[in-house]
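Okay, so here's the structure we're looking at.
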Amino acid sequence: SRFTNYKKITVVPRKLVYQKIQFNIPPHKILYTNIAKNIKSIFPIDNINNSNYEMTNLSLSNHHENMISVIPTVCKYNSDYENIRYISSIGVEQLTLFSNKKISGWSMLIGQTIATLSKKSASYITLLRIKTLLNIDFNIKTLQKIDLNIVDDLKNNKYQAVFLLTSHPNNTIKSINRLLPLTFIGISGIDKDNINTVFPDMIRSKLDLSYYNIYNSMPDTLLSTLDIVCNKDLTSETSYLLVKTIFKNYLNLKTNGDDDYKLHMKEFHPENMYLSNNIYKLHSGVKKFYIDIGLITYNKSKFCSLKAGAGKCNVKKIN
């Protein structure tokens, strides 16, 4: 007998399957690479691109709906990036200034030269903001990458200090310190109120210098979260599933790596994952996820802001 197909069936693949998401990260940063690989192992990322610095990646996500980027919070965007939306934070970095000179604070670098990365990097954007908004008059020199050439450059006084937004331990800094003992400054010498005004969304922290065999100093510094951002036209389903996957796999994402990776992620805590500033707008799928887990409620009662979780807010039961 012959089978007769009596009902037409149409199969339509979901956009999540065929849109081929690209995950953009900056070059020469081990933490970003490991985070991207971990996320790719649990979510359908098509490829990881590490050829562009942070501000270029921000522009790519602003223009392409299938491009997701990791950007430090310090990279505040303006109206040029109106299509950018927030998904989740996924790690942290610290403001780090070091020198072979006996420098105790930023004021000692007035009239001096500080080296950092490309003008498209978060390190440069941060250093420029310190120079212009905190009125510290130093020169900025850009480098293609941070490597052992810094040893000779510092010895030959081509520049007097190096500034990075980086996670610790940084193995390149560790190698430089072995060859040329370094002094780490952090944010010493900058007025606390002023720096809070310039970087209101960054978190106070300490530089743990034990990684570099320095045990008599833990300079104050600032910590910037690493934020996953996307284009507003990324499908709501994609952003919803991505943020849900990240939240469900927090412990795995924090610990799945070598000892250095675990140290890099040590200061990344669950409360860092939520949007807690006015820099970004939530992507529509992320907003739906926040509603589902109770972070956002439309109950007008002020008491409901005290209730955690996705259950119904019963005002009569709140003390």
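- Under 3.5 Å, the side chains of N157 and K101 contain a donor-acceptor pair of N or O atoms.
- Relative orientation of the F268 and Y250 rings is tilted, given thresholds of 30° and 60° on the angle between their planes.
- No hydrogens or angles considered: a donor-acceptor pair under 3.5 Å links the side chains of D227 and S89.
- Hydrophobic clustering of Ile, Leu, Val, Met, Phe, Trp and Tyr side chains at less than 4.5 Å, counting indirect connections, keeps L182 apart from L165.
- Side-chain atoms of T96 come within 3.5 Å of backbone N or O of Q94 as a donor-acceptor pair.
- Ionic pairing of K20 and D46 is not present here: no N-O contact between side-chain nitrogen and carboxylate oxygen is shorter than 4.0 angstrom.
- A cation-pi arrangement is found for K288 relative to Y240, the charged atom lying closer than 6.0 Å to the ring centre and inside a 45° cone about the ring normal.
- V92 and V229 fall within the same hydrophobic cluster, where Ile, Leu, Val, Met, Phe, Trp and Tyr residues are linked whenever their side-chain heavy atoms come under 4.5 Å apart, directly or through other members.
- Side-chain N/O atoms of Y290 and D292 include no donor and acceptor closer than 3.5 Å.
- Between F247 and Y274, the two ring planes are perpendicular [angle over 60°; tilted spans 30° to 60°].
- A centroid separation of 6.0 Å or more is found between the aromatic rings of Y124 and Y53.
- Ring geometry, W106 versus F138: the interplanar angle falls from 30° to 60°, so the pair is classed tilted.
- The hydrophobic clustering, which links ILVMFWY residues whose side-chain heavy atoms are closer than 4.5 Å, places I279 and V243 together.
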